[in-house]
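Following: one structure in C-alpha cells, then a few remarks.
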Amino acid sequence: MMPETDRLCRFHWAHHPSADCYSNLWLTSVFLMSVASLELRTGISSLGSRHTRTSSDLHKLLARQLRQAFGSVEAAPETIRGLLGLVDDAYRRDDLDRLALESSLQQASKELLETNRDLRRERRALEHRVEDRTRALRISEQKYRSLFEASLDVIFIASSDSQLLDINPAGVELFGFASRQAMLEADLGATIYRHPADRTRFQQQVIKQGVVKNYELDLQTVTGERLYVLATATAMRGQDGEIFGIRGILRDVTEQHALKDQLHQSQKMEAIGRLAGGVAHDFNNLLTAVIGYADLLATQLEHNGERQPYLEQIQIAADRGANLVRQLLAFSRQQVLSPRVINLNHVVSDIEKLLGRVIGEDIQLETNFDASLGSVLADPSHIEQVILNLVVNSRDAMPKGGHLFLRTRNFKSTGTSPPGTSLEPGEYVVLEIEDTGVGIDEALIDQIFEPFFTTKRSGTGLGLATVYGVVQQSEGQIQVVSSLGQGTIFTVYLPVVSGQPDTTSRPQDASGLPGGSELILLVEDEATVRNLLRDFLTVKGYQVLSAHDGQHGWDLFQQQPERIDLLLTDVVMPKMGGLELAEKMRQRRPDLGVLLVSGYSEKQASLIDRLGPNTNAEFLPKPFTLDALARKVQEILAPRAVLGPTEPEAEADPMPSKG
C-alpha cells in the first residue's frame with residue numbers, strides 16, 4: 001500500500017504545490033492503514049482530537065482526495081477502492097455504535113432522571129410519613145396524657161423496686177395527698193399500705209407472672225381511712241428482657257366490698273331467720289295450747305283458790321314464751337304485721353313517758369321532732385318495740401348516766417346511700433337514737449344484730465335482732481355508727497308514703513264474750529291445738545266439725561256444704577293448705593265466713609286479698625288467747641242469722657302432727 005500512497009502524494013504535490021497535500025494525504029494514508037489494521041477507531045479518535053472532525057467529515061475528505069489524485073473515485077486502484085469500502089463500513093459501524101451509544105446514553109439519562117424523580121417522590125413520601133408518624137405520636141401522647149389525667153381509676157408507673165415514678169390526679173385524690181409531688185416523695189409502704197408486707201407480695205407477683213389482674217389490696221388514705229382496691233399491673237421490660245418498671249391501674253372497690261360484706265351478713269341472717277321461723281312456728285303451736293288450756297282452767301278455778309297462783313305463773317311463763325317467739329319472728333322478718341299509715345312523731349310521743357321510766361333518772365332524755373315529718377307505712381306496735389329496744393340498749397351502755405337523744409327528720413336519697421345502707425333514690429323518714437355511752441368496738445359492729453349475740457352479762461341477745469327484723473320487714477334499713485368511748489348512733493330509714501296518718505285506736509282483746517250455736521269446720525294439723533280449739537268452741541256453744549288436714553276438711557265440707565257457717569283453718573298444712581281450702585269452699589259458698597290462723601309470716605292483707613274483695617274473712621296470728629279467738633269468731637258470724645242446733649259429725653281419728 002505504501003507505493004500507492006507515495007504515488008498519490010507525488011501526483012498531488014506536482015499539481016498542487018501550494019496545498020497541504022502531504023498533511024492530507026498522510027492523514028488519508030494513516031486512516032486507511034488504521035482501517036486495514038482494525039485500528040480505525042483509534043485513528044479516528046486521534047484525528048478527531050487533532051482536527052476536531054467527525055467521521056462523516058473524514059469520509060468526505062478521503063473521497064475528495066481520491067478524486068483529485070485519480071480523477072474520480074472509480075479510477076482509483078482496486079485496492080484503494082476496497083479499502084475505501086472498508087472505511088465506509090467502518091464509518092457506518094462507527095455511526096451505528098455512536099448512535100447506539102447515544103441511544104444508550106439517552107436511555108440511561110432518561111432512566112437516571114426517572115430514578116431521580118422516583119427518589120425525590122420517595123423522599124417526599126418518606127418525609128410525609130415521618131411527619132404523619134410524628135403527628136400521630138404527638139396525638140397519641142396527647143390522648144394518653146388526657147386519659148392519664150382524666151381517668152377516674154388510678155393509673156401509676158413505678159420502678160422495679162416499687163418506687164412511685166408517676167401517678168394521675170385520681171390517685172392523688174383517692175389517697176388524700178396534697179399534691180402529686182407530695183405523693184411521689186412519700187414512703188408509700190408505710191403510708192398507704194395497712195400491712196407493709198402486702199407491698200412486697202404484690203411486687204413479687206407482678207415480677208414473677210409478668211401481669212397480674214384484679215389483685216385485691218387492703219390500703220388506706222393518709223388519714224387512715226380504709227380502702228379496698230383491685231390492682232391490674234404489668235411488668236415493663238427493656239430490649240434485653242430485664243424488668244425496669246411496673247405500670248398498672250387501681251380501681252376503688254371500697255363501696256362494693258362493703259356491699260359484699262352486707263350481702264354475706266344478710267345471707268347469714270336470712271339463714272338464721274329461716275331456722276328461727278321454723279322453730280317459732282312449732283313453738284307457737286305449743287304456746288297456743290298452753291295459753292288456751294290455761295285460759296280454760298282459769299274459768300273453772302275459784303278466783304282466790306289455792307291453785308290460782310300456780311295458774312297465774314303458768315300464764316306468765318306462757319306470755320314470756322310468746323314474747324320470745326315474737327322476737328324471733330321479728331328478727332327473721334316473719335312476724336305478722338298490721339301496717340297502717342302513721343307519723344313517727346306521734347308514736348314517739350305516745351311512749352315518751354314510758355321511755356322516761358325505762359332509762360331512769362340519771363339519763364337525760366332529749367327529743368327533737370321535725371314538724372313537717374312525712375308519713376310511713378308500718379305497724380305502730382312494732383315501731384314502738386324498735387324504739388323501746390334501742391332505748392334499752394342505750395341505757396345499758398350508760399351505766400353511770402349520760403344523755404339520750406331521740407330525733408326525727410326527713411331525708412332524701414339521690415342515689416348515694418349513707419355508709420352501711422343501700423337506699424334506693426327517694427324520700428325517707430329518719431328515726432335517730434344517739435347516746436353518750438361506752439360505744440361499740442368496731443370489730444363487733446357487724447355482729448350486734450345477730451340473734452343471741454350480746455356483750456351484756458344478762459339478757460337474751462334478741463333486742464337488736466328484733467329491731468333489725470322489724471325494720472327490714474317494714475321495707476326500711478338501719479345504720480349504726482359507733483366507736484369505743486364515743487357513744488353510738490342508731491339511724492332508722494323508713495320510706496315515705498302518701499296519705500294521712502291513721503289515728504284510730506287498735507282493738508283490744510275482749511273477755512267473757514258470749515258464744516253461739518253455728519256450725520264451724522275446724523281444720524288444724526296440730527292435734528293438741530285442734531283438740532283445744534274444738535273443746536273451747538264447744539264450751540262456747542258452737543257445733544264443731546274437726547279435720548286434721550286440708551283434704552280431710554274438703555271431704556267434710558262436701559258432705560254438707562250448705563250447713564257450715566264458718567271455716568276456721570290453719571294456713572300451712574300437708575296435702576292442702578288452709579288458703580287453698582278456703583278458696584275452693586268459697587267457690588261453692590261465696591258467703592262462707594273464713595278465719596285463718598297461722599304461726600308463720602303471712603301478712604293479713606295479702607291473705608285476705610286472695611279470697612276476693614269485700615270478703616267475710618279475718619286473720620289471727622298464733623299464739624292467741626281464747627278470748628281473742630272468741631272475738632274474731634263473733635266478728636265473722638255477727639252478720640249471719642243464727643242457725644238452729646245441728647248435730648256435728650264425729651271427729652276423725654287424730655293424725656300425727658306435721659308442723
Side-chain angles (χ1 to χ4, degrees), residues 133-238 243-262 412-423 425 481:
R133 181 60 177 167
T134 303
R135 188 181 305 108
L137 288 174
R138 188 180 304 112
I139 294 173
S140 177
E141 172 66 19
Q142 292 173 351
K143 289 182 178 178
Y144 165 77
R145 178 53 57 179
S146 175
L147 175 64
F148 183 83
E149 296 293 333
S151 174
L152 297 179
D153 290 331
V154 178
I155 303 176
F156 71 92
I157 300 174
S159 63
S160 57
D161 59 355
S162 293
Q163 177 62 41
L164 188 63
L165 302 178
D166 199 4
I167 192 166
N168 65 341
V172 178
E173 180 181 357
L174 177 65
F175 293 104
F177 284 88
S179 66
R180 179 180 305 182
Q181 189 61 33
M183 190 169 184
L184 296 178
E185 295 173 355
D187 180 4
L188 300 184
T191 306
I192 68 171
Y193 281 86
R194 291 175 59 85
H195 310 288
D198 289 348
R199 184 186 193 186
T200 303
R201 282 194 290 268
F202 174 60
Q203 175 190 353
Q204 291 174 347
Q205 284 275 42
V206 177
I207 293 176
K208 179 180 179 180
Q209 301 180 14
V211 59
V212 170
K213 296 182 179 180
N214 295 328
Y215 188 98
E216 185 172 291
L217 291 170
D218 186 3
L219 307 178
Q220 64 184 8
T221 66
V222 291
T223 59
E225 183 180 350
R226 195 166 195 171
L227 293 174
Y228 290 97
V229 302
L230 289 181
T232 297
T234 304
M236 298 186 294
R237 299 180 183 272
I243 295 176
F244 66 87
I246 298 173
R247 61 187 173 192
I249 298 175
L250 303 179
R251 174 160 294 179
D252 181 14
V253 293
T254 305
E255 184 175 352
Q256 293 89 325
H257 201 280
L259 291 176
K260 182 175 69 175
D261 289 344
Q262 291 179 27
K412 183 175 182 179
S413 174
T414 58
T416 302
S417 299
T421 67
S422 55
L423 298 178
V481 177

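Residue numbers run from 1 in the order of the sequence given.
Relative ring orientation between Phe202 and Tyr215 is described as tilted, the plane-to-plane angle lying within the 30° to 60° band.
Annotation: side chain of Thr232 is in contact with side chain of Asn214 (closest heavy-atom distance under 4.5 Å).
For Gln204, the side-chain contact (heavy atoms from CB on, under 4.5 Å) partners at least two apart in sequence or on another chain are Thr200.
Taking each heavy atom of Leu164 and Leu188 in turn, the nearest pair found is CD2-CD1, 3.7 Å. Of all heavy-atom pairs spanning Ala233 and Phe156, the tightest one is CB-CZ, 4.4 Å. Between Leu174 and Val229 the shortest heavy-atom distance is CD2-CG1, 4.4 Å. Residues Ala186 and Thr191 share a closest heavy-atom pair of CB-OG1, 4.4 Å. Pairing each heavy atom of Pro418 with each of Leu423, the nearest pair is CD-CD1, 3.8 Å.
Screening Gln209, Arg201, Lys208 for a side-chain hydrogen bond (donor to acceptor under 3.5 Å, both in side chains) with Gln205, the sole residue that qualifies is Gln209. When each of Leu217, Val253, Asp252 is checked for a side-chain contact (heavy atoms from CB on, under 4.5 Å) with Tyr228, only Val253 meets the rule.
Distance check, rounded to the nearest 0.5 Å: CZ of Phe175 to CD of Gln220 gives 10.0 Å. Glu216 contributes atom CD, which lies 14.0 Å from atom CZ of Arg251 (distance to the nearest 0.5 angstrom). Put simply, OG on Ser160 and CZ on Arg237 are 11.5 Å apart, with the number rounded to the nearest 0.5 Å. In this structure, CZ in Arg199 is found 11.0 Å from CG in Leu219, a value given to the nearest 0.5 Å. Separating the CD1 atom in Ile246 from the CD atom in Gln163 is a distance of 12.0 Å, to the nearest 0.5 Å. In this structure, CZ in Phe177 is found 6.5 Å from CD1 in Ile192, a value given to the nearest 0.5 Å.
Remark: Leu152 CG is loosely packed, at most 12 non-hydrogen atoms of other residues, nucleotides or ligands lying under 6.0 Å away. Atom CD of Glu173 is surrounded by 12 or fewer heavy atoms from other residues, nucleotides or ligands within 6.0 Å.
A donor-acceptor pair shorter than 3.5 Å cannot be found between the side chains of Asp153 and Ser151.
Here Arg180 pairs with Asp166 in a salt bridge; the nearest charged N to carboxylate O distance falls below 4.0 Å.
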- Chi angles and distances behind the side chain to side chain contact (heavy atoms under 4.5 Å, CB included) call for Val154, Ile249: CA-CA 5 Å; Val154 178; Ile249 298 175; over 6 Å; no
Test side chain to side chain contact (heavy atoms under 4.5 Å, CB included) applied to Ile155 and Ile167, step by step: CA-CA 6 Å; Ile155 303 176; Ile167 192 166; over 6 Å; no
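Side chain of Thr221 to main chain of Gly176: no donor-acceptor pair is present (N/O by atom type, distance under 3.5 Å, no hydrogens or angles).
Applying the salt bridge (Lys or Arg N to Asp or Glu O under 4.0 Å) definition to pairs two or more places apart or across chains, those involving residues 224-236 are Asp218-Arg226.
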